[in-house]
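I have placed the structure first, in the form of structure tokens, so that the comments after it can refer back to it.
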Amino acid sequence: MSAERIYLSAPDVGEVEQHYVLAAMRSGWIAPLGPDVDRFEAELAARVGVDHGVALSSGTAALHLALIALGAGPGTVVVTSTLTFVATANAIVYTGAEPFFVDSDPATGNMHPGLLREALRGLTAAGEHVAAVLPVDLLGKAADYGEIGRVAADFDVPVLADAAESLGATYRGRAVGSLARASVVSFNGNKIMTTSGGGMVLTDDGALAARARFLSTQARLPVTHYEHSEVGYNYRMSNLLAALGRGQLTRFDGMLGRRRHIRETYRRLFAGLPGVQIFGGTDDADDNCWLTAVLVDADVAGWSAEELGDALRTLNIETRPLWKPMHLQPVYAGARSLLTGTAQRLFETGITLPSGSALRGAELERVASGVHDFVNVYS
Ligand SMILES: *Cc1c(COP(=O)(O)O)cnc(C)c1O
């Protein structure tokens, strides 16, 4: 393998970010909070149109604290999507609550609202306390918050959005981050924007934001002698990383546009290939295009998603299946779920392709010619 490796979604940082981080260092605000944290929170909250942002050390930490703030804990259930990254389910378990997995809408892979209703009906009829519904915006497409919100409201359960993958996306004209009681975004290195590692809770609920902020700093009460009346966490984002995030925000629209361009390139590349479709439908307007995936019907195409991945790997091009559903993970084998087989089928037939905004034109061409060469063998 001589050619340089092409990654799925590499961090996209440069001089702007260097300037922001250096300025933060020179300001002396190192340890660990400072004005860049406050500004980063305010800037992102304003961008998505909510009143509060709480910047934390990871998206997982943000899920954990938002769930606690919504009352998740021992003796409660949180209903979530089976087709997700494991962090969603792990955060539920950290609180002591029990995760309950529901299957996907075939078009988007997101939580199926009809199955959610069935799950909530069964759980509440059995007298169980559901603390939250936790939909996940798969690969950057918002879940059906209109319908999910209605179903959850019918059972008087709050919705927490796992928007770790979908910052920048919209749903019926409204920004992700503003579509649920609270939303969680991630700034991990492979996400649409990065702070190298980080996350944020976004919400209009001032009490929820205050509770998450309080728990993130060891639940330290505002007195000089470090008074603690409950167990807290060390989950706050550092000022240096918030500065990096502020630099990324100045470039956010450009990075979003680049991912959209990559999506369009893949649409042209795969157009007219029998048995192959771009995952998530035909309309990218609401999508942040975080990762582009294709679904392959191997009987029609004559080749499988896995075979395409193998071929690209020999060219040093990274691909990945869709998330392996939680109900198929050994660690969650005992969890309750409501399944149709959709998530499993998407996992078995889908493959995600290099989609990062740092992907250069020549690299995208290398991926395209790799796909071309592979497909030509079968036609
Ligand atoms: C990335 C991701 C997370 C976790 O975010 P971290 O910042 O890596 O902790 C949670 N949920 C989903 C769906 C993700 O993709």
Side-chain angles (χ1 to χ4, degrees), residues 7-11 40 44 53-67 72 78-95 99 101-102 104 108-111 132-143 145 148 159-169 176-177 179-180 182-202 212 216 233-238 241-242 244-245 248 259 279-280 287-293 320-327 329 331-332 343 346-347 350 352 355-356:
Y7 292 96
L8 215 53
S9 180
F40 184 41
L44 193 60
V54 182
L56 299 166
S57 53
S58 70
T60 310
L63 284 169
H64 185 187
L65 296 189
L67 282 166
V78 174
V79 181
T80 192
S81 186
T82 191
L83 192 51
T84 185
F85 177 55
V86 73
T88 319
N90 287 350
I92 295 168
V93 173
Y94 298 165
T95 70
F101 301 115
V102 300
S104 303
T108 61
N110 287 328
M111 177 183 277
V133 170
L134 178 46
V136 179
D137 303 339
L138 193 63
L139 307 191
K141 188 181 287 293
Y145 286 100
I148 288 170
V159 178
L160 171 64
D162 183 341
E165 302 175 6
S166 60
L167 184 62
V176 156
L179 302 167
S183 305
V184 163
V185 295
S186 164
F187 312 118
N188 188 27
N190 65 353
K191 295 286 160 55
I192 191 127
M193 64 165 277
T194 188
T195 59
S196 92
M200 200 182 286
V201 178
L202 294 159
S216 74
Y233 304 86
N234 182 7
Y235 278 175
R236 204 73 164 105
M237 178 180 281
S238 91
L241 299 190
L244 174 52
Q248 288 265 280
R259 291 201 193 241
F279 176 56
D287 213 297
N288 74 354
C289 302
W290 174 54
L291 290 182
T292 297
R320 206 171 51 198
L322 302 190
W323 301 123
K324 182 173 183 178
M326 289 305 110
H327 71 274
Q329 298 285 0
V331 64
Y332 289 114
L346 292 171
F347 167 62
T352 47
S355 310

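Atoms within each ligand, like the ligands themselves, are counted from 1 in listed order. Keep in mind the model is a prediction, meaning the values are calculated, not measured.
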Practice prompt. Supply the atom-to-atom distance M193 CE to L167 CG, rounded to the nearest 0.5 angstrom.
Written response: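 M193 CE to L167 CG: 7.0 Å, rounded to 0.5 Å.
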Roughly how far apart are N288 CG and D137 CG, rounded to 0.5 Å?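 N288 atom CG to D137 atom CG measures 9.0 Å (nearest 0.5 Å).
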N/O pairs closer than 3.5 Å, ligand 1 and protein:
unit_1: ligand 1; atom_1: 5 (O); unit_2: S186; atom_2: OG; d: 3.3
unit_1: ligand 1; atom_1: 7 (O); unit_2: G59; atom_2: N; d: 2.7
unit_1: ligand 1; atom_1: 7 (O); unit_2: S186; atom_2: OG; d: 2.7
unit_1: ligand 1; atom_1: 9 (O); unit_2: G59; atom_2: N; d: 3.3
unit_1: ligand 1; atom_1: 9 (O); unit_2: T60; atom_2: N; d: 2.9
unit_1: ligand 1; atom_1: 9 (O); unit_2: T60; atom_2: OG1; d: 2.5
unit_1: ligand 1; atom_1: 11 (N); unit_2: D162; atom_2: OD1; d: 3.3
unit_1: ligand 1; atom_1: 11 (N); unit_2: D162; atom_2: OD2; d: 2.8
unit_1: ligand 1; atom_1: 15 (O); unit_2: E165; atom_2: OE2; d: 2.6
unit_1: ligand 1; atom_1: 15 (O); unit_2: K191; atom_2: NZ; d: 3.2

*Is the centre of the F40 ring less than 6.0 Å from the centre of the F187 ring?*
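Ring centroids of F40 and F187 are less than 6.0 Å from each other.
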Open item on the list: Determine whether the aromatic ring centres of residues H327 and F101 are separated by less than 6.0 angstrom.
Closed with: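 No.
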Parallel, tilted or perpendicular: which fits the ring planes of W323 and F85, with parallel below 30° and perpendicular above 60°?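 Tilted.
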Within a radius of less than 6.0 Å around OH of Y7, do more than 12 heavy atoms belonging to other residues, nucleotides or ligands occur?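 12 or below, so no.
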